Amino acid sequence: MIEHVDPFIGTEATALPAPTGLAATWWWPKPQVGNTHPGATYPFGMVSACAYSGAYPTGYGHYDLNTEGIPPTIFEKSVASGFTHFQQSGTGAIRKYYNYFRVSPMLEPLDVLGREWEITDEVAEPGWYAATLDSGVRAELTVGPKSAVHRYTFPTNKNARVVIDFSLGGLAIPHSSTIPLRAHLESVAPGIAQGTIVVEGTPLSVYLECDADNWRQMLWYDRRLMPGGTRLDFDHIRPTTLRSFGLMWAGPSTEGQQVELRMGFSLRGVEQAKRNLHEDVGTQPGQFTRRRERTQKAWRKQLQNIAIESPSPERSTVFSTAMYHSLIKPSLAPGESPFWPGDGPFAFDISTMWDIYRTQLPLVTAIQPERAVELANALLTIAEEEGNFPIGYRMAVGSDRFSRQGSALAHTFLADLCQLGMPGIDWEWALVHMHNDLRRLYGEEFLLRGEAHPITHTLDLAFGYWCTAKVAAAVGDRALVEELAPYADRWVNAYDPATGLLKDSTFYEGSRYNYSFRVQHDMAGRIALAGGDEAFVGMLDTFFGYGAPAVTQPGLAPGEAELTAGYALGRFEGLNNEPDMDAPWAYHYAGRPDRTTEVVHDVVMQQFGTGRGGLPGNDDSGGLSSWYVWASLGLMPAAGQNLFFVNAPSFRSAKLAAPGGTFAIETEGFVDPVPGGPVQYVQSVDLNGVALERSWIRADELHRGGTLLVRLGPEPSEWGRRERPPSTRVL
């Protein structure tokens, strides 16, 4: 599968064929760009490395800040002022943009540091990125879990140099740079240097080794060399006093001469950065090829966890790249917390928990359960040390944890792990923090008034109580179960019985419609509130655009009137954004899985494609890509509820490496789908040779391994109409 991955997918503005059918009625309110980057990454690794233009939001690419519509361009060509480390993956405006320790291979004087070179001949594979600067320097990057290795091939020049800028961080657009508060760097020995910068309140250390025989090694400040200097110390830097600083190696180069730079990183000082480098790379020169091969092997192992059968190279590329994007984040950095002394699990860059908790975290749980447990324990430690679970978490002290986006999201993840019986988690310890966390921020309003605004937090918190009760039941605390159950029923307070939709409120990146059809723990009660099956299906049909005319998508810099009119449509966002990503499966609870099939078919076949413009919106740390992985397999997790919905697969067969053995998805009557082509409906399903009348399986059934046989046909059937997915009011 690794040979089909294209890391460039999603790096430029959406460029998909004109949609047809239902897909033409969906309205896209958010940026029409994937916001991914093609840089070198390691599965769930601490470090990434990529060409740096300073563009929004990863530091790579062409675009200025964008929050709606077509992204505005600030660079017409692909350019780079160097190569930086630590990038977001597919996010939007999260205000912490990393991109530290820019490395610039140069043939010009230090005075021009910061200029952009046009880059050509870009190539990227999982764990490797390469490009040629218009100066003639060829750059190659690879990374390990806590390290990066650069290799530069120079032309003949008497003034070649490799310059590392310690002062740069963030983006080159207004109000997006990162200023180091304190810094220290020093030359240790020929070819060896080390240093620490304190950025966003976090100490980030680096240990460097450079194979540049007979080149001079020098520190520099304000673009002026410091011959003979061996250290720079800055006790307090302010934005008004900042001058660029760093170190470099310089000397004459011959045609084809290669210079290798190895960098180890740590949040716990230069000595640990040195250990990390040598554990990742070794202690000898010339390690680029070996590190690249090891990282490629790690990616190959991860990507082999799901195998598909498809005659289409394009669809294989879309699926394989979606798998790749799903496994980049969160950044796991065991033993690296700069905020507490323990050496256990630590994670950062959980920047879009509100997007990943429903799709990406269940995917990690299914194919990499040990990583899921590691992340869970990291979240529990954060809660213990800092007083609450994060809604988002970054490499920054006192992170503003995006509390307005959602509440109690970690509870969903933990409830899934508990119901699966995952080892390695102290569930009584977890229960204490889950219970306490429900009372923070919006949780206080929920307790006092029965609802919280933004009103979506009422749904989050009610489900958080339900998830916490599941864990309480697992540890045998029946009294706590009884205490929590009435609060789980408060989801009903979020809805207006007169409309069957959510009450008037503010909404994060959506409208009442996008959030009104989310999958909840008591969908039977939700459907009754809407007036029964027929009324609920009618509301869903309107939401998904049945019988509606095609819409016009927002253009460049859309105005308020254009956006207001679009939101007033009350329409599905077509995976341009994630608030309604689980809504297609709400049909299952009303006995209409055929409708789910129709909607999902158009999303899978029309909203994802190959090429740099192949994503319909921000990938959001793999939240979008992991949706595609599940949906194309014919499955979708109901996160927190120990179940997966079953739907028509879009591949003839697939195999998933589940914890208990291979889970195979086979089909009969399958015809390879095409964009805008006919829909294939589920006729019947067997699970391990036994007929399955229900339109769902339990997550533990998937995790044990087995075979799901899905028979398909050209017309809807009676399958899944009678036995509905479980709804629970009282545990």
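These numbers were taken from a predicted model, which means no experiment stands behind them.
Cation-pi geometry between Arg571 and Trp26 is not satisfied (NZ or CZ under 6.0 Å from the ring centre, within 45° of the ring normal).
Aromatic rings from Tyr567 and Trp27 are positioned such that their centres are separated by under 6.0 Å. Between His325 and His37, the distance from one ring center to the other does not fall under 6.0 angstrom. The ring of Phe265 has its center closer than 6.0 angstrom to the ring center of Phe86. When ring centroids are compared, Tyr52 and Phe83 stay outside the 6.0 Å threshold. Between Phe319 and Phe651, the ring centre distance stays below 6.0 Å. Between Phe544 and Phe572, the distance from one ring center to the other falls under 6.0 angstrom.
With values rounded to the nearest 0.5 angstrom, Ile119 atom CD1 is found 4.0 Å from Glu122 atom CD. Distance check: Thr142 OG1 to Arg294 CZ gives 10.5 Å after rounding to the nearest 0.5 Å. Note that NZ of Lys96 and OG of Ser351 are 10.0 Å apart. Values are rounded to the nearest 0.5 Å. Annotation: the span from Arg371 atom CZ to Leu361 atom CG amounts to 14.0 Å, rounded to 0.5 Å. The distance from atom OG1 of Thr295 to atom CZ of Arg291, rounded to the nearest 0.5 Å, is 3.5 Å.
Relative ring orientation between Tyr60 and Phe8 is described as tilted, the plane-to-plane angle lying within the 30° to 60° band. Between Phe348 and Tyr98, the ring planes lie perpendicular to each other; the angle is over 60°, past the 30° to 60° tilted range. Ring geometry for Trp354 versus Tyr508: interplanar angle over 60°, hence perpendicular rather than tilted (30 to 60°).
Under the 3.5 Å distance criterion, the side-chain polar atoms of Arg161 are matched with a main-chain donor or acceptor of Glu108. With hydrogens and angles disregarded, a donor-acceptor distance shorter than 3.5 Å links the side chain of His601 to the backbone of Gly677. At distances below 3.5 Å, not a single donor-acceptor pair connects side-chain atoms of Trp627 with backbone N or O atoms of Asp582. Between the side chain of Asn577 and the backbone N or O of Glu509 there is at least one donor-acceptor pair closer than 3.5 Å.
Summarising the local packing, OH of Tyr129 is surrounded by more than 12 heavy atoms from other residues, nucleotides or ligands at distances under 6.0 Å. The neighbour count for Lys655 NZ, taken as heavy atoms of other residues, nucleotides or ligands under 6.0 Å away, does not exceed 12.
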Check the pair Lys77, Glu118 against salt bridge (Lys or Arg N to Asp or Glu O under 4.0 Å), reporting the backbone distance first and the verdict last. CA-CA 7 Å; Lys77 298 179 179 179; Glu118 184 179 352; 3.8 Å; yes
